[in-house]
Amino acid sequence: MEKYHVAVIGGGPGGYVAALRAAQLGLNVVLVEKASMGGTCLNRGCIPTKALVKSAELWREMNHSETFGLSAQGLSFDYTQVMARKNQVVATLVGGIDQLMKSKKITVVRGLAELSQPGKVLVNLPGEEKLEILADNVIIATGSEPSRPPIPGRDLPGVVTSDEALEEGKFPARVVVIGGGVIGMEFASIYASFGAKVTVVEMLPAILPNVDEELPKRAVPTFKKMGMEIVTKATVKEIKRQDEELLVVLEDAKGVREVVCDQVLLSAGRRPVLTGIDIEKLNLKVEKGALVVNAKLETGVPGVYAIGDAVGGIMLAHVASAEGIVAAENCAGLDSSIDYRVVPNCIFTYPEIAGVGITEQEAKAQGLVVKVSKFPFTGNGKALTIGENIGTVKLICKEDGILVGAHILGPHASDLIHELALAIEKGLTGADIAHTIHAHPTLSEAVMEAAHGLIGKPLHQA
Ligand code: FAD
């Protein structure tokens with residue numbers, strides 16, 4: 001029987017990237033996937049939601065076409081077609097990953113993998129058959145699934161998680177989103193852009209925790225204008241069905257009330273999936289449902305690595321991929337470690353939000369003396385030409401000028417953030433960014449202006 005250098009369990013952005021890197025380093029790789037390649041990210045996460053975000057953006061813009069001197073009449077949307085386009089994008093990308101695996105000579109086995117001893121993966125192939133795979137190293141990349149909080153009524157028809165919401169062909173005209181985190185707010189923004197009445201219920205005092213507090217605060221007026229009601233410090237007591245409608249019973253400072261809707265989206269976090277992984281037999285350490293690993297992504301059991309959502313922490317596709325690269329390199333005998341200091345966090349709401357490094361609140365909590373500079377998109381020529389002037393670039397540097405945090409609310413925040421991620425990664429100062437010539441007219445000039453603010457004053461500010 002052929003013995004592989006590496007067996008990867010799970011074909012999400014953690015697993016398939018680990019397989020690619022291992023193959024690049026000359027290792028003989030097998031990857032086991034029980035469903036479609038691309039995992040949550042391609043099939044039920046990043047990509048499908050962003051396809052919907054684009055349709056929602058176009059719809060919003062078409063409805064404001066008169067601002068651009070255009071007249072568009074008789075506008076309508078067909079949600080099944082919106083979903084069909086999303087499915088097409090997903091299918092193209094999934095097919096691309098399949099091709100990539102083939103071209104890199106990575107063996108892909110379809111089936112549920114079981115791991116109960118290092119170096120031996122048992123695959124339940126479709127049907128009754130089982131396949132035994134031997135490998136020097138195993139990388140567990142089994143991902144995560146939506147949590148379903150124990151709210152009475154959570155199993156009623158019409159109560160969905162992001163998984164089902166992305167399969168739904170019918171547009172929900174009234175939605176209650178339980179959980180104002182990233183996934184909840186992205187869906188809320190998509191639904192509200194298409195004209196749904198959206199109520200977001202968040203337990204904490206504010207939506208989008210872990211983001212510089214100023215950005216969600218600045219975004220909330222736009223969210224409300226789009227038709228969202230945001231109820232914070234609130235809990236959902238029960239969900240009831242009444243004929244065709246759902247009633248969500250919630251309690252906040254004002255008391256108990258019912259919100260009528262057509263769909264309830266449960267977006268109260270995700271939990272690692274460890275199906276098929278025999279934690280006890282392997283003697284793996286688990287904390288809060290996630291596998292415990294060190295910076296080399298080693299589990300402590302020789303030859304067994306774990307990466308991505310399965311290890312908890314920052315549950316993002318690019319983090320899973322970065323961890324996959326580190327694990328693969330260590331399988332190849334290199335000495336790689338993961339560094340989580342600079343991880344861009346992008347939220348694809350309207351307006352968009354992105355951040356990297358520390359927030360102003362974290363700087364204060366750490367007792368750091370920092371300088372903060374902001375530049376609004378209202379002062380940026382390109383933002384005005386594209387009709388997207390909501391938001392601001394906020395930069396944070398230490399006393400020595402070194403950039404430690406960057407937070408953007410506004411157009412293309414998720415693209416703009418990478419210049420700042422690189423700056424923080426490389427220990428650059430506000431002066432380094434300000435003295436780099438930025439092309440005109442671009443949104444990036446807002447970054448340069450905010451950097452000027454760190455060493456003096458933005459130029460285009462009264
Ligand atoms: P997954 O992508 O979950 O892949 C795990 C794979 O393992 C799955 O394909 C599964 O079928 C397979 N598997 C599990 N167990 C077994 C087994 N025993 N045998 C065989 N196969 C198995 N992140 C971002 O960075 N940007 C975004 O914009 C973003 N948007 C998101 C939107 C939504 C709605 C959701 C739900 C998530 C989003 N995420 C986003 C998070 C991102 O999708 C995950 O962090 C990422 O997919 C994790 O990658 P992974 O490889 O660890 O796991």
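Hydrogens, waters and symmetry mates play no part in the numbers below; they use all other heavy atoms, side chains included. Ligands are counted one by one from 1 in listed order, and the atoms in each one are counted from 1 as well.
K426 is linked by a salt bridge (charged side-chain N to carboxylate O under 4.0 Å, His left out) to nothing, counting only residues two or more places apart in sequence or in another chain. Applying the salt bridge (charged side-chain N to carboxylate O under 4.0 Å, His left out) criterion to K217, with sequence neighbours excluded, gives no partner residue.
Given atom 2 (O) of ligand 1, the protein heavy atom at minimum distance is T40 N, 2.9 Å. The closest protein non-hydrogen atom to atom 46 (C) of ligand 1 is P13 CG, 3.7 Å. Nearest protein heavy-atom neighbour of atom 51 (O) of ligand 1: G14 N, 2.8 Å. The nearest heavy-atom contact from the protein to atom 33 (C) of ligand 1 is G45 CA, 3.3 Å. Scanning the protein for heavy atoms near atom 53 (O) of ligand 1, the closest one is G143 CA, 3.1 Å. The nearest protein atom to atom 52 (O) of ligand 1, hydrogens excluded, is given as D309 N, 2.9 Å; this is a heavy-atom distance. For atom 26 (N) of ligand 1, the nearest protein heavy atom (residue, atom name, distance) is C46 SG, 3.7 Å. When only non-hydrogen protein atoms are considered, atom 4 (O) of ligand 1 lies nearest to G12 CA, 3.5 Å.
Between the side chains of E186 and S189, no donor N or O sits under 3.5 Å from an acceptor N or O. Residues E419 and H438 have side chains that bring a donor and an acceptor to within less than 3.5 angstrom of each other. With 3.5 Å as the limit, one finds a donor-acceptor pair spanning the side chains of N124 and E114.
Only side-chain heavy atoms of T49 come within less than 4.0 Å of ligand 1; its backbone N, CA, C and O stay farther off. Both the backbone and the side chain of A317 come within 4.0 Å of ligand 1, counting heavy atoms alone. Residue-level proximity to ligand 1 for N43 is absent, since no heavy atom of it falls below 4.0 angstrom. With a 4.0 Å heavy-atom cut-off, ligand 1 is reached by the backbone of L112 and by its side chain too. Neither the backbone nor the side chain of P146 has any atom closer than 4.0 Å to an atom of ligand 1 (non-hydrogen atoms only).
Considering every non-hydrogen atom in both L291 and L284, the closest pair reads CD2-CD1, 3.9 Å. Contact record, G38 with N43: C-ND2, 3.8 Å, taken as the closest heavy-atom pair. Residues N380 and A446 approach most closely at ND2-N, 3.5 Å, considering heavy atoms. Nearest heavy-atom pair, V342 versus A421, reported as atom, atom and distance to 0.1 Å: CG1-O, 3.4 Å. Closest approach of L20 to K104, counting heavy atoms only: CD2-CG, 3.7 Å.
Closest heavy-atom approach to atom 5 (C) of ligand 1 among the candidates A18, A141, G10: A141. Among V123, I47, T142, the residue whose heavy atom lies nearest to atom 15 (N) of ligand 1 is T142. The heavy atom nearest to atom 34 (C) of ligand 1, out of those in K50, E33, R44, K34, is found in R44. Between atom 18 (N) of ligand 1 and the options P48, G276, A113, the minimum heavy-atom separation is to A113.
At a 4.0 Å cut-off, at least one heavy atom of G111 sits close enough to ligand 1 to count as contact. At least one heavy atom of R270 sits closer than 4.0 Å to an atom of ligand 1.
The six-membered or imidazole ring of F77 lies near that of F171, with a centre-to-centre distance under 6.0 Å.
Close N/O approach between H318 and ligand 1 is found [any backbone or side-chain N/O within under 3.5 Å].
Atoms of ligand 1 lying under 4.0 Å from any heavy atom of C41, numbered from 1 in the order shown and given with element: 2 (O), 43 (O), 47 (O). Using a 4.0 Å cut-off to heavy atoms of T275, the atoms of ligand 1 that qualify are 18 (N). Using a 4.0 Å cut-off to heavy atoms of S144, the atoms of ligand 1 that qualify are 3 (O). Counting the atoms of ligand 1 from 1 in the order shown, those under 4.0 Å from a heavy atom of M315 are 41 (C), 45 (O).
For the pair V82 and L52, the minimum side-chain heavy-atom distance is below 4.5 Å.
Of the possible donor and acceptor atoms, one in the side chain of D262 sits under 3.5 Å from a partner among the backbone N and O of R174.
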Salt bridge (charged side-chain N to carboxylate O under 4.0 Å, His left out) assessment of R21 paired with E329: CA-CA 7 Å; R21 182 67 183 130; E329 290 180 350; 2.8 Å; yes
